[in-house]
Amino acid sequence: MPALVLLGAQWGDEGKGKATDLLGGSVDYVVRYQGGNNAGHTVVVGDQKYALHLLPSGILSPGCTPVIGNGVVVDPSVLLAELSGLNERGVDTSKLLISGNAHIITPYNVTVDKVTERFLGKRKIGTTGRGIGPTYADKINRVGIRVQDLYDESILQQKVEAALDVKNQMLTKLYNRRAIAADQVVEELLGYAGQLAPYVADTVLVLNEALEQDKVVLFEGGQGTLLDIDHGTYPFVTSSNPTAGGACTGSGVGPTKISRVIGILKAYTTRVGAGPFPTELFDEDGEALRRIGGERGVTTGRDRRCGWFDAVIARYATRVNGLTDFFLTKLDVLTGWEQIPVCVAYEIDGRRVEELPYSQTDFHHAKPVYETLPGWSEDITKAKSFSDLPKNAQNYVKALEEMSGAPISAIGVGPGRDETIEINSFL
Ligand code: IMP
């Protein structure tokens, strides 16, 4: 069995943690390939709830090797805190592997993220403030610090000095902040080196060898398709590629090895941070989705913006990721609505538009065109098979499937590990 990718088909927070964790028991490696501790997975195992930010959710499945790939940006202090938090709860984290090529989120990257957002004022992106964008910017500008640099003090010193040369000018002259001392940063980073050393590995080699031995490798995307730096609602996006291609560049595994790309799709839509969102609700329905769906960010604690399902976005996700199927999550949240509107197209300046417009201006003007589907009131959390669902819930799922362009292979009907209907096995 070759490699599979699981990624968010909307703006993130689709419930990927549940999906990855569901597969975690049967896969040998779970790999994060982009993003950093801006992500947030909630995984419920039995009566235990785990909030993971940086670690792949496979960390909770014994027998599975969790991998932080080269495409991820790592804040060592967050990583070590997350590891010790899990250790205190009896979770064995010793199998974790971290790519030596992954970039490090330095304290100055976090500072730059925060001051830039403050400086942008009303035009801010609404980032998570975790230093993600500035760290990727350093990577692309070739002044980034990589995990492997922690093991060569003189290289580390040179690189930190080079990175701070320009940043300190900016911080002091533009943002009116104090300069950051390179020596202090180096000292802090070197302090993490020993603790991280047991995990650092040539993950490209490990993963390719694993695939040669027919091991199952699962790539877990952070954020979601519409937050992709290339294919998302730029500039209101994150600074990496959560879309399927990112799984290859962010891990060093070639596209020919990937046989399945599963899009996680919430039965309605949410978004955090700024940016366009055609089906956003500002009324009591939006408030109810937020309350019933527990739509509050795992990482930042911010309320998520909520709206009805948007099939235009789902079709777009199918296209840009080459999705083979969907995992539909949180269907239970919609229980109780008499009628459920679903966005099937947009109206843009008087025209009906079926596909996501590439133009930012058009997308900002997009108004949802709704079709209304009949709802259901029965509790669906105990449903074990598709036929256990009330007829209207079945029809809702079938309608979404038809509009979204790929089969729905699993349905989440509650937060717990076992509250899932499997229609087609993922493995
Ligand atoms: P950044 O990733 O912190 O730079 O934030 C950029 C945008 O992506 C902001 O709108 C964030 O709210 C959003 N974002 C980042 N990570 C996540 C996530 O895991 N779920 C949902 N939105 C996210």
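Order of appearance sets the numbers: ligands from 1, and atoms from 1 within every ligand.
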Side chains of [X] and [Y] only: does a donor on one sit below 3.5 Å from an acceptor on the other?
{"X": "Glu188", "Y": "Gln184", "result": "no"}
{"X": "Asn101", "Y": "Ser99", "result": "no"}
{"X": "Trp337", "Y": "Asp285", "result": "yes"}
{"X": "Asn424", "Y": "Asp325", "result": "no"}
{"X": "Tyr268", "Y": "Glu295", "result": "yes"}

* To do: Please list all pairs passing the side-chain hydrogen bond (donor to acceptor under 3.5 Å, both in side chains) test where one or both residues lie in residues 221-241, with sequence neighbours left out.
  =>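 Listed once each, the pairs are Trp11-Thr233, Gln34-Gln223, Gln34-Ser240, Asn38-Gln223, Asn38-Thr238, Thr225-Asn321, Asp228-Asn241, Asp228-Thr243, Asp230-Asn241, Thr233-Arg271.
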Can you produce the list of protein nitrogen or oxygen atoms under 3.5 Å from a nitrogen or oxygen of ligand 1, alongside each distance?
from     : atom 1 : to     : atom 2 : distance (Å)
ligand 1 : 2 (O)  : Asn38  : ND2    : 2.8
ligand 1 : 2 (O)  : Thr238 : OG1    : 2.6
ligand 1 : 3 (O)  : Thr128 : N      : 2.8
ligand 1 : 3 (O)  : Thr128 : OG1    : 2.6
ligand 1 : 10 (O) : Val272 : O      : 3.3
ligand 1 : 12 (O) : Gly126 : O      : 3.4
ligand 1 : 12 (O) : Val272 : O      : 3.3
ligand 1 : 12 (O) : Arg302 : NH2    : 2.9
ligand 1 : 16 (N) : Asn38  : O      : 3.2
ligand 1 : 16 (N) : Gln223 : NE2    : 3.3
ligand 1 : 19 (O) : Asn38  : O      : 3.3
ligand 1 : 20 (N) : Asp13  : OD1    : 3.1
ligand 1 : 20 (N) : Asp13  : OD2    : 3.2

